[in-house]
Number of protein chains: 2
Amino acid sequence: MITLSEENYLKAILSINLDTKAIVSTNEIANVLDTSAASVTEMIKKLQEKKLVIYKKYKGVTLSKSGCKKAIEILRKHRLWETFLVNKLDFKWSEVHDVAEELEHIKSQKLTDKLDHFLNYPKFDPHGEPIPTKNGIIHPTKRITLSEMVVNSNGIIMGVSLDDKEFLDYLTKLNISIGSNIEVIERITFDQSMKIKIECKPEHISQDVAKNILIKIIK
Amino acid sequence: MITLSEENYLKAILSINLDTKAIVSTNEIANVLDTSAASVTEMIKKLQEKKLVIYKKYKGVTLSKSGCKKAIEILRKHRLWETFLVNKLDFKWSEVHDVAEELEHIKSQKLTDKLDHFLNYPKFDPHGEPIPTKNGIIHPTKRITLSEMVVNSNGIIMGVSLDDKEFLDYLTKLNISIGSNIEVIERITFDQSMKIKIECKPEHISQDVAKNILIKIIK
DNA sequence: AAAATTATTTAGGCTTGCCTAAAAATATAT
DNA sequence: ATATATTTTTAGGCAAGCCTAAATAATTTT
């Protein structure tokens, strides 16, 4: 049996893995989980007992095969639940994270599978992050930011790179959400702000906003 | 902050309250939660500190106003989630309990409300139990078993009193589910079997089946 | 009403997951 | 290469929730 705390450690290690890659230090984990390095060392030992991580004293941690599988399952659940909350229950982007953080620990394979089916096997969560498949594959996404788009190109909003409430609320106001169609009309060279169309409706956004919006190019 | 364990104690006290009524002994709670009486005493003290129960040494426990509110909220969540699992995710009646037992502890008022809305404000869960309202009202149900129905009366299936897979599968085959309309055509006095109509379709069922089906009389 | 039984509480221990402070290992600077 | 700084681990403690065994209160029997 794997405890809630253990699941959170695995998740933390995976998330560090996914962006900074390779071997993870106890300090990094402590930062992510907002706990002490001493607690991390202690827990890492337990995870090693259970063969969920590979650990060499003073050298850092990596996920074992089974640990990685477990961590990806949690990530999958997290992103499926976020999708459920937004698509079915009408939550806003900015509201789903904490609730999904709880829901991701519900232990029922059947539930996860049926939820996936119910949501029609979504590939991306409301933040544009890929949802791991049932077999644990995380399809890599090659996304660019809106600020990198060239004038006259079209794309689809895939997510955001900033998890700030004010920012997300502003996007809601602009009617920007996952899957929205976007077209770049003009770039103002002076301040790098952009005139765009969201679902054919013209808007004008600053560079600060544009650089935190992730796009999949379609033309 | 109320812990998972505390929630389970409150729920246990409420459930004893709902059927045997009145004051609850530590032993009864211990039985329901499958724990020791000593542990119960200990926890009850903590719940008293938090004003969630009223407790006199050696005299038993009752829920305080706030404790009762809290317990009903958990019950509400449990029954809403069961409804979700059956109605939306296509779980069978017999499969939902354990998962709902986990889901009921997710702490988000907003989630509960939105789920309620999504399910279209159901009044009964898949077992025919009433779902407490947002303000904590549990509408009492006066249900009888199908075997108690008189000939020519009509009713609505409210649930079952037996959680057996074979039984439930048989009901599915007969097209009997929550909300189905039922009419009693004839009772065979010899073996107390019954001719009925489920949604206007004639069937013949044994007493063993009839006595495990719960009905709300409508005419 | 005293004795016996049963229910409840107290006492002392255990595990999990956290903490801080100190020690040890590693990395960095001189 | 040695001294200093940083990172990591060890050591010792604490709260939550559980346990068993023993003590005490309440109830039932005789």
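Throughout, protein chains are lettered first and strands after them, A, B, ... in sequence-line order, and every chain is numbered starting at 1. Being a predicted model, the structure only gives us computed values, none of them experimental.
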One should read off an interatomic distance between B:L85 CG and B:D125 CG, to the nearest 0.5 angstrom, of 11.0 Å
Compare side-chain N and O positions of A:T41 against OP1 and OP2 of D:dT9 and report whether any pair is under 4.0 Å apart. yes
If you measure only the distance, is there a donor-acceptor pair under 3.5 Å linking the side chains of A:S66 and A:S64? yes
Roughly, in whole Å, what's the span from CD in A:Q48 to P in D:dT9? 11 Å
Does the cation-pi check pass for A:K88 over A:F118, that is, NZ or CZ under 6.0 Å from the six-membered ring centre and within 45° of its axis? yes
Salt bridge (charged side-chain N to carboxylate O under 4.0 Å, His left out): pairs with one or both residues in residues 97-120 of chain B, sequence neighbours excluded: A:E95-B:K110, B:E7-B:K107, B:K11-B:E101, B:K11-B:E104, B:R76-B:D113, B:R76-B:D116, B:D113-B:K134
Counting only side-chain nitrogens and oxygens, does A:T26 get under 4.0 Å of the OP1 or OP2 atom of D:dT9? yes
Could you pick out which residue, B:D34 or A:Y58, lies toward the 5' side of DNA chain D when each is mapped onto its nearest nucleotide? A:Y58
When you check the phosphate oxygens OP1 and OP2 of D:dA16, does a side-chain N or O of B:T3 lie under 4.0 Å from one of them? no
Does a side-chain N or O from A:K45 land closer than 4.0 Å to OP1 or OP2 of D:dT10, or not? yes
Calculate the interatomic distance between B:K57 atom NZ and D:dT24 atom C1'; express it in whole Å. 10 Å
Distance check needed: D:dA25 P versus B:N27 CG, whole Å only. 18 Å
If we ignore angles and hydrogens, is there a donor and acceptor under 3.5 Å between the side chains of B:S25 and B:E28? yes
Quiz question: by atom type and distance under 3.5 Å, do the side chains of A:H105 and A:N8 form a donor-acceptor pair? yes
Shoot me the first and last contacting nucleotide of DNA chain C against chain B, ordered 5' to 3', at under 4.0 angstrom to non-hydrogen atoms. C:dA7 to C:dT10
For B:S36, report the nucleic acid contact type (base, sugar-phosphate, nothing); a contact means any heavy atom under 4.0 Å. base
Taking the nucleotide of DNA chain D with the nearest heavy atom to each, does A:K59 or B:M43 sit closer to the 5' end? A:K59
Given atom CD1 of A:I23 and atom C1' of D:dT7, what is their separation to the nearest angstrom? 15 Å
For A:F84, check ring pair (Phe, Tyr, Trp, His ring centres under 6.0 Å) against everything at least two apart and list the hits. A:W81, B:F84
